[in-house]
Amino acid sequence: PEILSEEVLGKMGAPPKTDVPIISPQELAEADGILFGFPTRFGMMASQMKAFFDATGGLWREQSLAGKPAGVFFSTGTQGGGQETTPLTAVTQLTHHGMVFVPVGYTFGAKMFDMEKVQGGSPYGAGTFAGDGSRWPSEMELEHAFHQGKYFAGIAKKLKGSSA
């Protein structure tokens, strides 16, 4: 959920929020695995996402997320804006919960090494460059995200099968 007031958002020139469902931290315990997606602010997850993680103290106390696979995907405003630092700093949240971090690594293959066009993503997870908010993910970035989801689901399925 948004943590800034309408007044502050207006002064920032933030675009209006769309009507999207908001998950509660307690719902995370029901998942077999979780891919967290968030924008970057100053090289790490946005404060709204950090506030969400801060609200998971009860789950931490009960160890409700321990052993669950988790991964991350992200967007940044610029090329130097946190394509690696954002997921790297997010790993601390997963670690404190005892979650199993599942990076995408270089399983996407040679496409990760294409230097002909600007593209987001890293071995930590799929990513995109949002710029000022007007840039949409490229076809390559979307392929990377789809690959990460498929790869992650395979790992989550294996982990769930081994715990039976």
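Along the sequence shown, residues are numbered consecutively beginning with 1.
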Quiz item: So, does Thr85 use its side chain to make a donor-acceptor pair with the main chain of Gly43 at under 3.5 Å?
Solution: yes
Quiz item: In chain order, what residues pass the side-chain contact (heavy atoms from CB on, under 4.5 Å) check against Leu9, with sequence neighbours excluded?
Solution: Glu2, Leu4, Glu6, Ala14
Self-check item: Hydrophobic cluster identity match, Val91 and Ile155, side-chain contacts under 4.5 Å
Solution: no
Self-check item: Residues in ring pair (Phe, Tyr, Trp, His ring centres under 6.0 Å) contact with Phe52, at least two apart in sequence or another chain
Solution: none
Under 3.5 Å, which donor-acceptor pairs do the side chains of residues 58-66 form with other protein atoms, sequence neighbours left out?
| unit_1 | atom_1 | unit_2 | atom_2 | d |
| --- | --- | --- | --- | --- |
| Trp60 | NE1 | His96 | O | 3.2 |
| Gln63 | NE2 | Trp60 | O | 2.6 |

Quiz item: Taking only residues two or more places apart in sequence, or in another chain, which ones meet Tyr106 in a side-chain contact (heavy atoms from CB on, under 4.5 Å)?
Solution: Met112, Phe113, Pro123
Practice problem: Run through the side-chain heavy atoms of Ile, Leu, Val, Met, Phe, Trp and Tyr, join any pair under 4.5 Å, and report what else lands in Leu142's cluster. | Solution: none
Practice problem: Starting at OG of Ser5, measure out to NZ of Lys11 and round the result to the nearest 0.5 Å. | Solution: 8.0 Å
Self-check item: Set of residues satisfying side-chain hydrogen bond (donor to acceptor under 3.5 Å, both in side chains) with respect to Glu143, sequence neighbours excluded
Solution: Lys111
Quiz item: Could you state the interatomic distance from OG1 (Thr56) to NE2 (His97), rounded to the nearest 0.5 Å?
Solution: 3.0 Å
Exercise. Any chance you could measure Ser122, atom OG, to Glu84, atom CD, to the nearest 0.5 Å?
Key: 5.0 Å
Exercise. Might you point out which heavy atoms bring Ser47 and Ile3 nearest each other, and give the distance in Å?
Key: OG-CD1, 3.5 Å
Using a 3.5 Å cut-off and no angle test, enumerate the donor-acceptor pairs between side-chain atoms of residues 27-35 and protein atoms at least two apart in sequence or in another chain.
| unit_1 | atom_1 | unit_2 | atom_2 | d |
| --- | --- | --- | --- | --- |
| Glu27 | OE2 | Ser24 | N | 2.7 |
| Glu27 | OE2 | Ser24 | OG | 3.2 |
| Asp32 | OD1 | Lys160 | NZ | 3.4 |

Side-chain donor-acceptor pairs under 3.5 Å in residues 69-81, sequence neighbours left out?
| unit_1 | atom_1 | unit_2 | atom_2 | d |
| --- | --- | --- | --- | --- |
| Thr76 | OG1 | Thr78 | O | 3.1 |
| Thr76 | OG1 | Gln83 | NE2 | 2.8 |
| Thr78 | OG1 | Gly81 | N | 3.3 |

Practice problem: Identify, with sequence neighbours excluded, every residue that meets ring pair (Phe, Tyr, Trp, His ring centres under 6.0 Å) alongside Phe36. | Solution: Phe53
Self-check item: Common cluster, Met44/Met49, ILVMFWY with side-chain heavy-atom separation under 4.5 Å
Solution: no
Quiz item: Among the clusters formed by ILVMFWY side chains lying less than 4.5 Å apart, do Phe108 and Tyr124 turn up in the same one?
Solution: no
Quiz prompt | All pairs passing side-chain hydrogen bond (donor to acceptor under 3.5 Å, both in side chains) where residues 146-157 contributes a residue, at least two apart | solution = Thr107-His147
Quiz item: Apart from Val118 itself, what residues make up its hydrophobic cluster when side-chain heavy atoms of I, L, V, M, F, W and Y under 4.5 Å apart count as a link, directly or indirectly?
Solution: Phe129
Quiz item: Are the side chains of Lys50 and Arg41 in touch, meaning some heavy atoms are under 4.5 Å apart?
Solution: no
Quiz prompt | With sequence neighbours excluded, residues passing side-chain hydrogen bond (donor to acceptor under 3.5 Å, both in side chains) with Thr89 | solution = none
Quiz prompt | Single-linkage hydrophobic cluster Met99~Phe38, side-chain heavy atoms < 4.5 angstrom | solution = yes
Quiz prompt | Minimum heavy-atom distance between Thr128 and Arg135, given as atom pair plus value | solution = OG1-NH1, 3.2 Å
